[in-house]
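Lettering follows sequence order; numbering is per chain, from 1.
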2 protein chains.
Amino acid sequence: MSTAPTVEPTGNWEFQVLARNCPSRPTLEHVAGRWGTLIFLVLREDPKRFSELRRAVDGINEKALSQSLRALERDGFVARHASDGYPSRVEYSLTELGASTAELLHRLVAHVEERMPEVLLAQSAYDEEHRTER
Amino acid sequence: MSTAPTVEPTGNWEFQVLARNCPSRPTLEHVAGRWGTLIFLVLREDPKRFSELRRAVDGINEKALSQSLRALERDGFVARHASDGYPSRVEYSLTELGASTAELLHRLVAHVEERMPEVLLAQSAYDEEHRTER
DNA sequence: CAGTATCCAAAAAGATACTG
DNA sequence: CAGTATCTTTTTGGATACTG
């Protein structure tokens, strides 16, 4: 028998996340997904209460916000501080891991927004190119 | 009349994308969404054919790949080159806009993967903390 | 206030088959 | 090969109501 082949069982990727069933894939989805990115952007400024987040992330509903925050807390990006008392008061903040991730998301979003004029032009050109009859 | 107020109609955000109905929100979802990020990572290396992408992005199906590529092409991140002939041969590559975006996504993914041990620990701690009876 | 529970509608995922 | 079409199943969205 020769030595072990250099081929991995399911492929040879630079990033684990390209493999299905890799634990980083769900985490990346929590971070970069529809609501995750926006929550990071808002928490990057200051800790926020649940209702502040709900208002800041326009269009999110309570269910989605609750689920997103729970996933990000479980992954260690967000910390939840509940002061006891009534009415209840809960604050969400970024952990060090969350803050470093938020920086990268911030750059990504800033870049996309900066280049949106170009994107809108590309969209118009594409639509022009691909419109079928009428 | 005084000068225009500094308050925006629907809020005062650092990023447009925090507003519902902002054109950058769908674009950000194409880029950072479930498949978008992975497609960028793969195309960052080299141009790829449809079937190469399908194999490289483990778990994606043809419909999702086709839809994602169309969205990214429309937004101007990806260019599609079809050589005529049979069997057909189509290559997808990143535009300059796509390549610069891919760099930022690459940093984000590298960061998340680097810190995955910490994430896994946080998940265990969370599950331990929150398990109810039994 | 900070959520959870419920229900319904809408959308997206997934598999399979088919075509230029 | 590079997709599209179709159909079924799962998720998600969204509104409303309710609880500690």
OP1, OP2 of [N] versus side-chain N and O of [X]: anything below 4.0 Å?
X: A:Arg80; N: C:dA2; answer: no
X: B:Arg70; N: D:dT4; answer: yes
X: B:Arg49; N: D:dG3; answer: no
X: A:Tyr92; N: C:dC1; answer: no
X: B:Ser66; N: D:dA2; answer: no

- [ ] Return the set of residues passing ring-ring contact (aromatic ring centres under 6.0 Å, His included) with B:Tyr92 (not counting sequence neighbours), or none when no residue passes.
- [x] none

Open item on the list: Run the ring-ring contact (aromatic ring centres under 6.0 Å, His included) test against A:His106 and tell me which residues pass, sequence neighbours left out.
Closed with: B:Phe15

- [ ] Decide side chain to side chain donor-acceptor pair (under 3.5 Å) for A:Ser68 and A:His30; before the verdict, give the C-alpha distance in whole Å, the side-chain angles of both, and the deciding distance to 0.1 Å.
- [x] CA-CA 7 Å; A:Ser68 302; A:His30 301 154; over 6 Å; no

How many Å lie between [atom1] on [X] and [atom2] on [N], as a whole number?
X: A:Arg20; N: C:dA15; atom1: CZ; atom2: C1'; value: 13 Å
X: A:Arg55; N: C:dC1; atom1: CZ; atom2: C1'; value: 11 Å
X: A:Asp84; N: C:dG3; atom1: CG; atom2: C1'; value: 16 Å
X: B:Leu65; N: C:dA13; atom1: CG; atom2: C1'; value: 14 Å
X: A:His130; N: D:dG3; atom1: NE2; atom2: C1'; value: 13 Å
X: A:Leu69; N: C:dC1; atom1: CG; atom2: C1'; value: 15 Å
X: B:Glu73; N: D:dA2; atom1: CD; atom2: C1'; value: 13 Å

Salt-bridged, [X] to [Y], with N to O below 4.0 Å?
X: A:Glu91; Y: A:Arg49; result: no
X: A:Glu52; Y: A:Arg54; result: no
X: B:Glu96; Y: A:Arg115; result: yes

- [ ] Kindly write out the residues that satisfy salt bridge (Lys or Arg N to Asp or Glu O under 4.0 Å) with B:Asp84, not counting sequence neighbours, or none if the list is empty.
- [x] none

- [ ] Just call it for B:Arg54: base, sugar-phosphate, or nothing, with non-hydrogen atoms closer than 4.0 Å on any strand.
- [x] nothing

Task: Footprint string (nucleotides 13-20 of chain D, 5' to 3'): B base within contact, S backbone only, - free, heavy atoms under 4.0 Å - done: BB--B--B

Task: Among D:dA2, C:dA2, D:dT4, the one nearest B:Ser51 by side-chain distance - done: D:dA2

- [ ] With sequence neighbours excluded, tell me which residues meet side chain to side chain donor-acceptor pair (under 3.5 Å) with B:Ser51.
- [x] none

Open item on the list: Measuring from atom CG of B:Asp75 to atom OH of A:Tyr126, what distance do you get when rounded to the nearest 0.5 angstrom?
Closed with: 10.0 Å

Open item on the list: If the helix axis at each end comes from five base pairs, how far does the helix from C:dC1-D:dG20 to C:dG20-D:dC1 deviate from straight, to 10°?
Closed with: 50°

